[in-house]
2 protein chains.
Amino acid sequence: MRAATLKDVAVLAGVSVKTVSNVVNGYAFVKPENRRKVEEALIATGYRPNIGARNLRRGKTGFIALVLPELSIPYFGELAGLVITAAQAHGWNVLIEQTQGTRDRERTALTSMGPHMIDGAILSPQALSAEDFADLAPGVPLVMVGEHAVDVPIDHVAIDNVLAARTAVGHLAAIGRRRIASIGRNPHRGTAALRLEGYRAALAEAGLAEDEELSVPALEYHRRDGAQAMSRLLDLPERPDAVFCFNDLLAIGALRAAADRGVRVPEDLAIVGFDNTEESAYSIPSLTTIAPDKKAIAETAVSLIHGRSTDAAENATPFDLQDIQTPFALEIRESTIGRTRAPA
Amino acid sequence: MRAATLKDVAVLAGVSVKTVSNVVNGYAFVKPENRRKVEEALIATGYRPNIGARNLRRGKTGFIALVLPELSIPYFGELAGLVITAAQAHGWNVLIEQTQGTRDRERTALTSMGPHMIDGAILSPQALSAEDFADLAPGVPLVMVGEHAVDVPIDHVAIDNVLAARTAVGHLAAIGRRRIASIGRNPHRGTAALRLEGYRAALAEAGLAEDEELSVPALEYHRRDGAQAMSRLLDLPERPDAVFCFNDLLAIGALRAAADRGVRVPEDLAIVGFDNTEESAYSIPSLTTIAPDKKAIAETAVSLIHGRSTDAAENATPFDLQDIQTPFALEIRESTIGRTRAPA
DNA sequence: CGACGTTGTAGCAACGTTGTAAATAGCAGA
DNA sequence: TCTGCTATTTACAACGTTGCTACAACGTCG
């Protein structure tokens, strides 16, 4: 049961291969009668274009890569789903590459995918540094999402991490918390530095002194790390009355650790997360969190690649380096202000 | 900055295109000196084979499809990650198709991917019925995961859903619950019927009468649906003292609804989920759940496609229809037996 | 009535790769 | 030196598609 080709259709319709191709591609000048015959033959044979061959001819691959740490991380699962949907609108399929957040695998992801494999790539790098990009540029448009590695001439889409963190911590100060901790410090993560900066800015704005030991680092950003970090904070002689976690998973872990110690949230301890993963709306208590517009991130990233890739094809002047900030909101829930009403 | 082709390498090395191809493909009879020259040229040019062209020539695509409802659903995010990893071991890239669980999009996913696009597909159909497969067979090996639609001649990988459900509900009976509800009944989902069957079997085994109104249907299997269904159960004059949810998301929603009503879990109400998503280990209380071996599912599914696809290539007799059951375990946590110790 | 534009069709080549088969080189034995 | 191998290399075609170009048919207009 071989797949039908243009040739099969042409024979059946009694025209040339090229005419069938013209019909398939919507070329205007085809005699109505022939068009009809071809269309019938197309249906009769169940013809589907061979994407590989078409792309070989056109010099496009029809694929973009999405390089991320792990699909099982809710934020990336959600993002990947949105990227796939956005890519489909441009006729692209998405190849997902999981790196576990390691520099090594991020490097190989970049090198192994040449221009004949993908038309572009969306990266969510955790560990990749500026110099890595120099030798690794794979000859296709790249877009970074969610991380700000300065000095890299690559398009970038993200929310304003500093402002978002400042907003989150500002909220904690606004509800009267004076001893606000943070979980997620990490010298190897670009976003961590930005969120820490926002945290500090908010403390300063609120006239609160920064206490070094209240900023607990996290190597990974999983639930387990959040729980461990929270435990450390609860072991302090002077406990914090609020904690800003650099992502929702850390916050979920923190919630868990608080519950294990009998610490009430938000009465004894307010918690804010970051990412607004679906899980955060249903945790107990539900989690106040920074809600980035993930759909906007996905669509913007795909559009940028699309723009660059058609620019290149048409020899147009490439547009300037983009650094696009997408909207975000602070989603206020029980973990900071307590129970108000049952969710719908 | 065009990508290097075999021709470029050949010119640089001073040999024919075919010789370069032979070196690349590990053909034995190449003069050592030429091999060396070619290898140098390969490095110098940074040659990467054009996968599209190679597959066009070989009649393979190098891709398998993974058809699932939505990546943002934790279970599918986790599964997808494992499938990608398993596929890589066989040299495959994975194309993910999201269907939202609708019959329509599941149908188009099957038809739009012909044999020139993919070498096989792994399906997690929600709504597809037996007759759909008849006309849709895309000419490539298919494997279904997680759903049992009988009478369809397609390989199948899943845990024993009936036994798993029976185990879960048996556990509830074993801890002394007498009025055990279920959430997730749904006539359009294959797994729902099996889990309901296991639920009933366990009730019978425990000598408990089945109460129709304790089996609440769920259209979707999201957290919201679980919360709604739980609300209905808590509105009953005679409340259940336990509930078996057909997946973890429903259970998370149920937990939430219970908390909103001030119902204590597990004291007043024990809850069991299904899937062992990472989230379930950190919910408050943590969730007792059926833990399928997802890695085994992913690897088995990929292996089956690999087996069929090489069989077909070598004209070997295809092996018999496979219906493989992968292991599962009951993961007992706080939502049924209460707090024992803090998690590590 | 011939030149010309418009509409419709088809042949050829090429995208980068590899299987087939044919060509060449090297070398031992006659 | 010539034959007959084997070892090595190469030309060619083909996978399915589309851009380019040539060409045919038809009508219009000066």
Side-chain angles (χ1 to χ4, degrees), chain A residues 2-39 41-42 45-63 91 114-119 139 313-315, chain B residues 2-39 41-42 45-63 91 114-119 139 313-315:
Chain A
R2 223 181 77 265
T5 70
L6 282 182
K7 198 167 155 192
D8 301 323
V9 179
V11 170
L12 186 60
V15 296
S16 78
V17 169
K18 193 64 229 271
T19 297
V20 179
S21 170
N22 284 338
V23 171
V24 170
N25 291 290
Y27 181 65
F29 302 117
V30 176
K31 213 194 312 184
E33 187 199 330
N34 279 343
R35 181 180 296 277
R36 190 186 49 75
K37 281 198 293 190
V38 169
E39 277 163 355
L42 282 173
T45 54
Y47 172 79
R48 301 276 150 190
N50 181 321
I51 311 293
R54 172 180 288 176
N55 290 330
L56 174 59
R57 181 62 242 241
R58 288 192 179 158
K60 289 266 143 199
T61 70
F63 296 104
H116 37 68
M117 185 98 212
I118 53 172
D119 297 335
E314 296 163 10
N315 291 323
Chain B
R2 222 182 77 265
T5 71
L6 282 182
K7 200 167 153 191
D8 301 323
V9 179
V11 169
L12 186 60
V15 297
S16 78
V17 170
K18 192 64 229 270
T19 297
V20 178
S21 169
N22 285 337
V23 171
V24 170
N25 291 290
Y27 181 66
F29 301 115
V30 177
K31 216 193 312 184
E33 187 198 332
N34 280 342
R35 181 180 298 276
R36 189 185 49 74
K37 282 198 291 189
V38 169
E39 277 162 356
L42 283 173
T45 54
Y47 171 80
R48 302 275 151 189
N50 181 321
I51 311 293
R54 171 180 289 174
N55 290 330
L56 174 59
R57 182 60 240 240
R58 286 193 181 158
K60 288 268 142 197
T61 71
F63 295 105
H116 37 68
M117 186 98 211
I118 53 172
D119 298 335
E314 296 164 9
N315 292 322

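Residue numbers start from 1 in every chain, and the chains themselves are labelled A, B, ... in the order their sequence lines are given, proteins ahead of strands. The shown structure was predicted, so the numbers you read here are calculated from the model rather than taken from an experiment.
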Inset, instruction - Determine whether any donor atom in the side chain of A/K18 lies under 3.5 Å from an acceptor atom in the base of C/dG8, or the reverse, and answer yes or no. - result: no
Legend entry - Distance-only donor-acceptor test, A/R57 side-chain atoms vs D/dT18 base atoms, 3.5 Å: yes
Between [options], which nucleotide gets closest to the side-chain atoms of [X]?
X     : options                : value
B/T5  : C/dG16, D/dG16, D/dT18 : C/dG16
B/V15 : C/dT17, D/dT10, D/dG16 : D/dT10
B/L6  : D/dT10, C/dG8, C/dT17  : C/dT17

[X] [atom1] to [N] [atom2], straight-line distance once rounded to whole Å:
X     : N      : atom1 : atom2 : value
A/L42 : D/dT17 : CG    : P     : 11 Å
A/N22 : D/dC20 : CG    : C1'   : 12 Å
A/Y27 : D/dT18 : OH    : C1'   : 13 Å
A/R36 : C/dG8  : CZ    : P     : 15 Å
A/E33 : C/dG8  : CD    : P     : 12 Å
B/L56 : C/dT18 : CG    : P     : 11 Å
A/K60 : D/dT18 : NZ    : P     : 16 Å
B/N25 : C/dG16 : CG    : C1'   : 13 Å

Over all atoms of both residues, closest heavy-atom pair of [X] and [Y]:
X     : Y     : value
B/N25 : B/R58 : OD1-NH2, 3.3 Å
A/P49 : A/R54 : CB-NH2, 3.4 Å
B/T5  : B/D8  : N-OD2, 2.8 Å

Has [X] got a side-chain N or O lying under 4.0 Å from the OP1 or OP2 atom of [N]?
X     : N      : answer
A/T19 : C/dT9  : no
B/S16 : D/dT10 : yes
B/S21 : C/dT17 : no

Inset, instruction - Could you tell me whether the side chain of A/S21 and the main chain of A/V17 form a donor-acceptor pair under 3.5 Å? - result: no
Inset, instruction - Drop me the distance from A/N50's CG to B/T61's OG1, to the nearest 0.5 angstrom. - result: 9.5 Å
Legend entry - Earlier contact from the 5' end, DNA chain D, for B/R58 and A/R54: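 Here B/R58 is the residue nearer the 5' end.
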Legend entry - Of B/K31 and B/I51, the one whose closest DNA chain C nucleotide lies more 5': B/I51
